[in-house]
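See below for the structure under consideration.
Protein chains get the first letters and strands the later ones, always in sequence-line order, with residue 1 at the start of each. Any value given below was found using the heavy atoms of this structure, including those in side chains, with hydrogens, waters and symmetry copies removed. The shown structure was predicted, so the numbers you read here are calculated from the model rather than taken from an experiment.
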Amino acid sequence: MNEKLLQPYNPKNTEERVYAVWEKSGFFNPDVCIEKGIASRNSQVFSIVLPPPNVTGVLHMGHSVMLALQDAMVRFNRMAGKKTLWVPGVDHAAIATQSVVEKKILKEEDKSRHDLGREEFLRRVDIFTKESHDTIVNQVKRMGASLDWSREAFTLDEKRNRAVRVAFKKMYDDGLIYRGLKIVNWDPKMQTTVSDDEIEWEEETRPFYYLKYGPFTIATARPETKFGDKYVVMHPKDKRYSNYLHGQKIELDWINGPITATVIKDNAIDMEFGTGVMTITPWHDAADFDIAERHQLDKEQIIDDKGKLLPIAGEFAGQHIKKARPMIVEKLQSKGLVEKIDEKYVGRIATNSRSGGIIEPQIKCQWFVAVNKKFKLEHSKIEGLKSGQQVTLRELMKHVVESGEIRIIPEHFQKIYFHWIENLHDWCISRQIWYGHRIPVWYKNEVVGAANASPEDMRVCPPTPLGDDWKQDEDTLDTWFSSGLWTFSTLGWPDETEDLKTYHPTAVLETGQDLIFFWVARMILMTGYLRGEVPFKTVYLHGIVRDKEGKKMSKSKGNGVDPITMIEKYGADAVRMSLIVGWGPGSDMKISEEKLKAYKHFANKLWNIARFVMSNIPEEGVEKPKTVTKENALSLQEFEMLTEEVSLDLREYRFHLASEKLYQYIWHTFADIIIERSKKSITDGSDVEKLSAQWLLYTLLRDCLKLLHPFMPFITEELWSITQKSKLPLMVESWTKKIS
RNA sequence: GGGCGGUUAGCUCAGUUGGUAGAGCGCGUCAUUGACGUUGACGAUGUCAGAGGUUCAAGUCCUCUACCGCCCACCA
């Protein structure tokens with residue numbers, strides 16, 4: 001018997017070695033599999049892209065879950081003989097990365113990015129991301145992920161940059177990307193816009209002021225924005241104010257002296273709320289902006305990009321709004337303009353989820369993707385949409401899920417997806433940060449930042465215009481713009497490469513449920529538009545990993561469980577199993593060390609099963625005996641049923657069931673019943689009984705290793721090399737081979 | 001304000017199309033020192049949140065209620 005089996009299983013001494021063998025074999029690469037006859041050129045295809053982890057990050061439990069699930073899918077399909085490709089990559093994660101590097105430089109050198117300048121700052125980011133890249137990649141490998149590293153991609157490398165430029169240009173030419181002066185979410189802390197989806201709303205109890213505005217009482221939580229308010233708005237049907245007419249002018253005394261206010265009647269007013277009258281601040285409130293647009297009213301900026309009051313605030317000009325607020329209230333009070341203050345008003349505060357900066361809406365000239373504009377869909381391969389048909393991006397996104405061309409698991413996320421689409425607005429894609437894909441637009445004659453640049457003064461590349469008088473747009477693109485191209489930009493698009501033809505659309509996108517809007521929806525949008533097809537046929541969403549108490553893991557709370565520490569303690573296979581067994585898609589999971597421990601025990605059990613089997617069969621191996629006893633034949637039948645069930649579960653994305661069934665079977669049927677029974681047959685049984693029992697043990701061991709391989713690749717591979725004479729690694733053994 | 005989930009054994013959760021309630025951990029009793037104590041055998045524990053309905057049959061389908069959680073939203 002192999003000496004390794006005399007020792008207990010030691011994941012530490014095994015995992016790194018086994019991974020090296022896999023990598024060296026080249027079998028992570030489907031081209032090698034075809035070359036070596038593992039898969040054939042016309043085999044079915046199974047492809048996935050790895051949701052790229054942030055380049056600056058370290059592995060967390062969420063990554064471990066996705067790696068465990070995706071690797072299980074990939075290994076199963078590879079063993080089933082499909083041409084199987086899993087594409088790795090990392091994400092430049094624009095805002096997150098820039099923010100990390102900025103903080104680092106501030107801490108170490110006490111310098112801001114502006115002190116360094118754009119070029120130098122970006123150089124620093126590059127250095128940082130290169131170092132950081134290797135960390136995350138090595139951590140991914142430790143989970144056992146069978147990714148084809150020869151195809152690794154980066155969301156911000158030259159190839160992806162080309163894809164971004166081509167996509168941008170096409171969308172611009174089709175009128176789906178436009179530049180416009182609109183109200184956007186401005187983060188004064190990071191000095192950039194952010195999209196609606198990146199905003200987090202928090203409830204906060206704060207004072208609510210009822211102010212005298214001429215003959216009216218208006219209510220506001222933000223008196224510091226009210227300096228320029230010169231429109232007073234009410235509902236046209238509000239009888240309380242029926243003697244005021246739309247457009248009527250009213251003279252009144254306001255914060256900094258007498259003003260002329262204009263009455264506006266608009267249906268957006270809620271008669272039940274406050275006094276049913278409000279003044280508007282179109283520059284700093286999205287709802288007010290819309291009212292102003294509807295009636296073509298003036299808009300004035302009150303607060304600058306840094307959160308300081310502008311000259312319109314009179315004596316308060318130059319002060320930060322936070323500091324100025326109490327003084328403004330004081331002045332209003334001294335003028336007798338404050339009617340009452342409700343101290344218990346619960347309002348909402350918008351913050352940038354990345355930086356924590358409090359959002360101040362601002363009107364800015366930005367780039368947007370138009371989601372409600374019709375365009376001509378070219379080369380459609382989408383069911384139910386013809387080439388040349390006019391659709392909007394929003395319709396497209398809805399259609400492919402509604403028609404079932406994309407299946408979302410668990411199913412109820414469809415409803416969440418549709419609900420989101422109902423509320424979808426144009427997507428602001430320009431960011432004022434430096435790290436990211438620079439907007440491929442060039443200007444001359446100083447029209448940078450102007451809303452109405454003429455075509456002569458603005459070029460969208462490719463091609464990049466020549467000449468010194470052209471200046472590139474300073475802004476970069478929202479990181480999700482390039483992420484939206486990920487399934488095909490990784491395969492060579494915009495070139496029609498062999499990879500693209502073979503592996504796109506991908507089979508499945510497996511990711512966290514929190515990414516359904518950010519990423520999943522945007523991939524559907526981009527792929528539908530640019531390729532007339534879907535990016536993937538199935539979306540599998542896993543839930544959030546929580547700690548034992550059910551709290552979300554986070555760095556700041558310090559309650560995060562570090563996967564690498566867990567791998568060292570319990571082995572990667574145990575970590576993988578504990579993240580898959582009994583965890584249905586879409587629901588949150590509490591992880592505890594007890595669970596990890598349980599699967600370490602399971603690995604040990606398996607190891608000992610192998611030891612028992614190998615020490616109870618002849619050294620030279622076993623042949624199928626002429627006579628198989630009835631009970632052994634029955635056991636075999638039972639196992640064949642299990643194989644069927646597990647295979648079906650794997651095909652249907654029921655990993656939590658497949659893995660649990662295997663655990664149950666191996667421990668409580670194979671070990672507890674079949675092995676126990678075989679002891680008698682081997683020691684006291686007839687020759688027929690003995691040979692039959694030995695053969696069954698050996699057969700079951702071999703095939704259990706196969707079935708378990710997608711979930712616990714390291715230990716099964718190790719046992720395979722110890723117990724089997726095969727020259728090929730288990731990872732490319734044939735799954736479906738009938739039990740002989 | 002709109003939407004989506006969850007509520008099953010002490011704890012963590014399964015339960016795929018409706019067909020006599022399951023697993024792991026924990027607990028109890030016993031066994032076993034030549035596969036494994038990271039063990040084995042046996043066992044206890046549930047009006048499947050509550051109410052109503054459909055059905056021969058409901059944890060599973062429908063309606064309502066309660067509590068918990070999440071997402072979306074321009075109530076100033």
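When the P atom of A73(B) is taken as reference, atom CG of D290(A) falls 14 Å away, rounded to whole Å. Rounded to whole Å, atom P of U12(B) lies 14 Å from atom CG of D588(A). The distance from atom CD1 of I580(A) to atom P of A23(B) is 22 Å, rounded to the nearest whole Å. Here A23(B) presents its P atom at 16 Å from NZ of K595(A), a figure rounded to the nearest Å. G5(B) atom P lies 12 Å from atom NE2 of H419(A), rounded to whole Å. Nucleotide C72(B) holds its P atom 6 Å from the CZ atom of F517(A), rounded to whole Å. Going from atom CD1 of I416(A) over to atom P of A73(B) covers 13 Å, rounded to whole Å. As rounded to whole Å, 7 Å separates atom C1' of A14(B) from atom CG of L657(A).
Of the side-chain N and O atoms in Y345(A), one or more sit less than 4.0 angstrom from OP1 or OP2 of A76(B). Between W420(A) and G3(B), a side-chain N or O to OP1/OP2 separation shorter than 4.0 Å is absent. OP1 and OP2 of A14(B) both lie 4.0 Å or more from every side-chain N or O belonging to K661(A). Distances shorter than 4.0 Å separate some side-chain N or O of H425(A) from OP1 or OP2 on C74(B). A close approach under 4.0 Å does occur between a side-chain nitrogen or oxygen of K590(A) and OP1 or OP2 of U12(B). At G15(B), one or more side-chain N or O atoms of H656(A) fall inside 4.0 Å of OP1 or OP2 (strictly under the cut-off).
U47(B) is unpaired under the criterion used here, namely a Watson-Crick or G-U wobble arrangement in which both key atom distances are under 3.5 Å. With a cut-off of 3.5 Å on both Watson-Crick or G-U wobble distances, the partner of U29(B) is given as A41(B). Nucleotide G19(B) is matched to C56(B) when pairs are restricted to Watson-Crick or G-U wobble geometry with both distances under 3.5 angstrom. When both distances must be under 3.5 Å, the Watson-Crick or G-U wobble mate of G1(B) is C72(B).
As judged by a 4.0 angstrom heavy-atom cut-off over every strand, H284(A) is placed among residues making no nucleic acid contact. No contact: K597(A) has no heavy atom under 4.0 Å from any strand. Here I218(A) lies out of heavy-atom contact (under 4.0 Å) with every strand.
The side chain of D649(A) lies closest to U16(B) when the candidates are G24(B), C4(B), U16(B). You'll find that the side chain of N423(A) is closest to A73(B), out of A73(B), U39(B), G2(B). Listed nucleotides: G15(B), C4(B), A35(B). Nearest to the side chain of K679(A): A35(B). Ranking U16(B), A73(B), A76(B) by closeness to the F208(A) side chain, first place goes to A76(B). Closest approach to the E660(A) side chain among G15(B), A23(B), G5(B) is made by A23(B) (side chain taken as heavy atoms from C-beta onward).
G10(B) and A49(B) have their P atoms separated by 14 Å, given to the nearest Å. Taking the C1' atom of each, C48(B) and C61(B) are spaced 16 Å apart, rounded to whole Å. When the P atom is compared between C64(B) and G3(B), the two are found 11 Å apart, to the nearest whole Å. Look at the C1' atom in both U7(B) and C13(B): the space between them is 13 Å, to the nearest Å. For the C1' atoms, the distance linking U45(B) with A21(B) amounts to 13 Å, nearest Å. For the P atoms, the distance linking U17(B) with G59(B) amounts to 15 Å, nearest Å.
You'll find the ring centres of F655(A) and Y540(A) inside the 6.0 Å limit.
Note on ring orientation: taking the six-membered ring where Trp is involved, the planes of W480(A) and W519(A) are tilted (angle from 30° to 60°).
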Exercise. I would like to know whether R222(A) and E360(A) meet salt bridge (charged side-chain N to carboxylate O under 4.0 Å, His left out); could you show each step before the answer?
Key: CA-CA 12 Å; R222(A) 300 196 62 197; E360(A) 183 64 67; 2.7 Å; yes

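Residues F602(A) and V581(A) each lie close to RNA chain B; by heavy-atom proximity, the contact nearer the 5' end of the strand is made by V581(A). Nearest-nucleotide positions on RNA chain B place W201(A) closer to the 5' end than the other of K226(A) and W201(A).
A 6.0 Å sphere centred on CZ of R354(A) holds no more than 12 heavy atoms belonging to other residues, nucleotides or ligands.
Between R407(A) and E652(A), at least one side-chain N (NZ, or NE/NH1/NH2) sits under 4.0 Å from a carboxylate O, which counts as a salt bridge. Under 4.0 Å is where a charged nitrogen must lie from a carboxylate oxygen, and between K299(A) and E293(A) at least one such pair does.
Taking only distance into account, the side chain of R348(A) meets the base of A73(B) through a donor-acceptor pair shorter than 3.5 Å. The base of A41(B) does not come close enough to the side chain of E676(A) for any donor and acceptor atom to sit less than 3.5 Å apart.
Between the side chains of Q513(A) and D588(A), at least one donor N or O lies within less than 3.5 Å of an accepting N or O. No side-chain donor-acceptor contact under 3.5 Å links W427(A) and D197(A). Side-chain atoms of D266(A) and H295(A) include a donor-acceptor pair closer than 3.5 Å. A donor and an acceptor atom, one from each side chain of Y665(A) and E638(A), are nowhere located under 3.5 Å apart.
Looking at residues 603-615 of chain A, you'll see N604(A), K605(A), N608(A), I609(A), R611(A), F612(A) sit with a heavy atom under 4.0 Å from some atom of RNA chain B.
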